[in-house]
Each structure stands twice: as C-alpha cells, then as structure tokens.
Amino acid sequence: MTYILDPAWHAEQARLENLADLYDQGTAAICDQLGLTSGWRCVDVGAGTGSVVKIFAERVGSEGHVLAVDTDPRFLEPLAGEPISVLTSDVTSNPLPTGFDLAHARLLLEHLPVAEAVIGSMVEAVRPGGWVVVEDLDWATALVVDPPSEAHERVIRACQELFTSTPYDANCGRKLPRMLRRAGLIDIGVRTTAMPLPADAELGQPAWEMLIDQLAPRLLSLGLLNQADLDAFHRLWHDGDSICLGPLMVSAWGRRPAEVARPAQARIR
Ligand SMILES: C[S@@+](CC[C@H](N)C(=O)[O-])C[C@H]1O[C@@H](n2cnc3c(N)ncnc32)[C@H](O)[C@@H]1O
C-alpha cells in the first residue's frame, strides 16, 4: 500500500465528495456513451465515497451488478445491497474478480507505482468486448491562474517537489492512453477536462484548499512551505476574484479484444 493521502484525515469524506461533484457528470457521460445500461456488471476500483458506484447502480438496475473495491470501505459499506456489493481489497496485491462489462478507476492510478499492473488486472476483470475506463489528473494545468499569483505558484511548486519523494505521479493523466494500448486494449478514446475553479469570498476554493490542508503537515515538516505561505494561499482563494484551472483530468478508455496478449510480469497475482 502506497497511498499518499491520509484516509483518516478529519475532512477526507468532504474532500472526496468535492472531487465527485466536479467529475461525476463527465464520468457518467463517458460510460453512457460506451453503452452502460440495464443488466451490466461493473466494477469501480478505488471507489472512495461511492458516487460513481451509485451512478452505475442507477443505470444497471436490479438485473445488473456493481462491485465497489477499496482498501478503505468506510463510505461504501452503507451502500451495500442489490445491485451493489463491496469488496475490501488492495488492488496492488490482489487480482480483481472477473466477468465484468465495465471496469472503472478514477483518481487511483496516479497514486500507484504499479499503475500498469493494475490496468492489467482491470483488463483481465472485463469480458472480451468489455470496457476499461481510467481517469487521472495531470498537473499540466495546475499553475494556470488569473491574475498571476505568487501565493498559488509557491504552493503548487511545493506540492510538485513533495511528489518527487512519493509514489504519486503528477503526470499520470497524459500516460493513460499509451498504458491502455500497451495493455492490449482496442478502440481507445481520450477526453481531457480542466475545471475552472473560482475563488469564493465565503467558501474559498475547496478543491485546492482541502488538498493543501491534507498535505500541509508534510509540506511544513519538509520545509517546502511555511505557515505564512499557507495563510497567503488561503487568503488568495477567499478573495472572491481570482480564478484558476484545476489539474487536467484525463479520461481514457479502451475495449478488450477477444484475445489479450500481455507480458506475464505486468500481472498482479
Ligand atoms: C482519491 S480517492 C478517489 C475516489 C473515487 N474513485 C473518486 O474518484 O471519487 C482514491 C481512493 O482509492 C483508494 N485506494 C488507494 N489505494 C488503493 C489500493 N491499493 N487498492 C484499492 N483502493 C485503493 C482510497 O482508499 C480512496 O478511496
């Protein structure tokens, strides 16, 4: 297990719900376009609060099945019941069950040094003709802010520095299409979305601020930032005027052909 975010952080559920609010609509649109419908069997890997699991459950109905997989099933367990089941599992060391029409993972692979092997596991989890959908961030757009802000730039650069000493890959998004191709998938598609994130005088900018609050103890203890930097960052995102782009969300998908030829070392066993 190499996950760099602390699942026990006091506001982790709110942070994950904020991400779901930003990205669920896009995820649903992609899966609908791939044919997600009544009776499908789906697995969501690293399912978090289960927002995508709920979307899948609405679509597949009682004829289908949705499996939610996570190392931390706290937020998923209350959702269990037809058509949803929950599996507590570390996908870096355990293979997934098989026979699915759709395997999906969002904001997971970017955390895993064995991303390619987990994609391999997802490919094996779907039936021939089934779809694999992976969605991860790429920090290519993380410095885009108007008006230009030293406070924002300092914090983003400190995070990027922190990531170099962790398994987190801030450029994971751009790598997804080639990883899917190398895993033997066909009919590969890609969509990118950079969310406009405005400062709000009352609410601040929750997506950025909750991530930075989560990482703050490590950023401070490594000397990458000081408290004045963090205070300036929070002031900026309450100024009611600034606007930035979130990191680029890269969504990539591909279909399993009748036969998948992959090297054995890419497998999780
Ligand atoms: C950033 S959250 C994303 C949640 C959800 N996919 C979403 O997009 O809203 C990453 C999730 O992956 C889970 N996770 C991290 N490492 C994992 C692993 N090795 N196996 C299974 N789940 C893992 C975490 O517990 C967390 O719920």
Side-chain angles (χ1 to χ4, degrees), residues 1-31 42-57 66-80 84-97 102-122 124-125 132-139 159 163 166-170 172-173 176 191 193 195 206-208 210-215 246-253 267-269:
M1 251 291 269
T2 53
Y3 192 47
I4 64 158
L5 295 165
D6 177 8
W9 184 56
H10 70 98
E12 186 59 2
Q13 184 169 10
R15 195 185 71 80
L16 293 178
E17 283 171 354
N18 175 265
L19 290 172
D21 286 348
L22 285 175
Y23 298 117
D24 274 359
Q25 214 184 343
T27 299
I30 289 169
C31 296
C42 306
V43 57
D44 191 26
V45 187
T49 56
S51 64
V52 170
V53 169
K54 286 191 249 177
I55 291 169
F56 288 173
V66 182
L67 178 65
V69 181
D70 207 295
T71 43
D72 176 5
R74 260 177 314 162
F75 311 126
L76 299 168
E77 273 159 358
L79 303 179
I84 298 172
S85 57
V86 177
L87 174 66
T88 304
S89 179
D90 179 344
V91 289
T92 63
S93 44
N94 304 315
L96 292 164
L102 170 66
H104 171 264
R106 189 177 69 192
L107 299 170
L108 172 72
L109 299 177
E110 62 197 50
H111 294 283
L112 306 178
V114 292
E116 200 130 24
V118 173
I119 288 180
S121 220
M122 293 172 74
E124 285 182 7
V132 172
V133 180
V134 287
E135 305 185 87
D136 283 285
L137 297 175
D138 192 300
W139 282 50
C159 289
F163 297 151
T166 74
Y168 183 78
D169 182 358
C172 182
L176 296 177
R191 197 201 56 191
T193 316
M195 289 292 176
W208 274 128
M210 286 198 276
L211 176 68
I212 299 312
D213 286 347
Q214 218 326 344
L215 297 175
L248 196 64
M249 173 61 86
V250 182
S251 307
W253 56 91
R267 294 194 183 140
I268 289 168
R269 283 280 174 241

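Sequential numbering from 1 along the given sequence is applied to the chain's residues. When a ligand or atom number is given, it counts from 1 through the structure's own listing order. Quick caveat, the model's predicted, so the values are computed rather than measured.
For Asp70 (side chain) and Gly48 (main-chain N/O), a donor-acceptor pair under 3.5 Å exists by modelled atom type.
In the vicinity of Leu16, heavy-atom distances shorter than 4.0 Å reach the ligand 1 atoms 1 (C), 2 (S). Interface atoms of ligand 1 facing Gly48, defined by a heavy-atom separation under 4.0 Å, are 4 (C), 27 (O). Of all atoms in ligand 1, listed by their number and element, those nearer than 4.0 Å to a heavy atom of Thr92 are 19 (N). Taking a cut-off of under 4.0 Å to the non-hydrogen atoms of Asp90, the atoms of ligand 1 that pass are 18 (C), 19 (N), 20 (N).
Residue Val91 holds the heavy atom nearest to atom 20 (N) of ligand 1 of all those in Leu76, Val91, Thr49. Taking each of Asp21, Leu108, Asp72 in turn, the one with a heavy atom nearest to atom 17 (C) of ligand 1 proves to be Leu108.
Annotation: Arg106 places an N or O atom under 3.5 Å from an N or O atom of ligand 1; distance criterion only. Where the criterion is an N or O separation shorter than 3.5 Å, residue side chain and backbone included, Asp70 meets it with respect to ligand 1. No N or O atom of Asp44 sits closer than 3.5 Å to an N or O atom of ligand 1. Between Gly46 and ligand 1, an N or O atom pair is found at a separation short of 3.5 Å.
Classification of the Tyr168-Trp139 ring pair by plane angle, with boundaries at 30° and 60°, yields perpendicular.
Within the 4.0 Å heavy-atom criterion, the part of Ser89 lying near ligand 1 is the backbone and not the side chain.
The shortest non-hydrogen separation linking Cys172 to Leu109 is SG-C, 4.0 Å. Shortest non-hydrogen contact noted between Trp253 and Val133 is CB-CG2, 3.9 Å. Nearest heavy-atom pair, Pro113 versus Pro167, reported as atom, atom and distance to 0.1 Å: CD-CB, 3.8 Å.
For the pair Val69 and ligand 1, no heavy-atom separation below 4.0 Å is found.
At a threshold of 4.5 Å between non-hydrogen side-chain atoms, the residues Gln13 and Thr49 count as touching.
Tyr23 meets the ring pair (Phe, Tyr, Trp, His ring centres under 6.0 Å) test with no other residue; sequence neighbours excluded. In this view, Asp24 and Arg106 satisfy the salt bridge (Lys or Arg N to Asp or Glu O under 4.0 Å) rule, not counting sequence neighbours.
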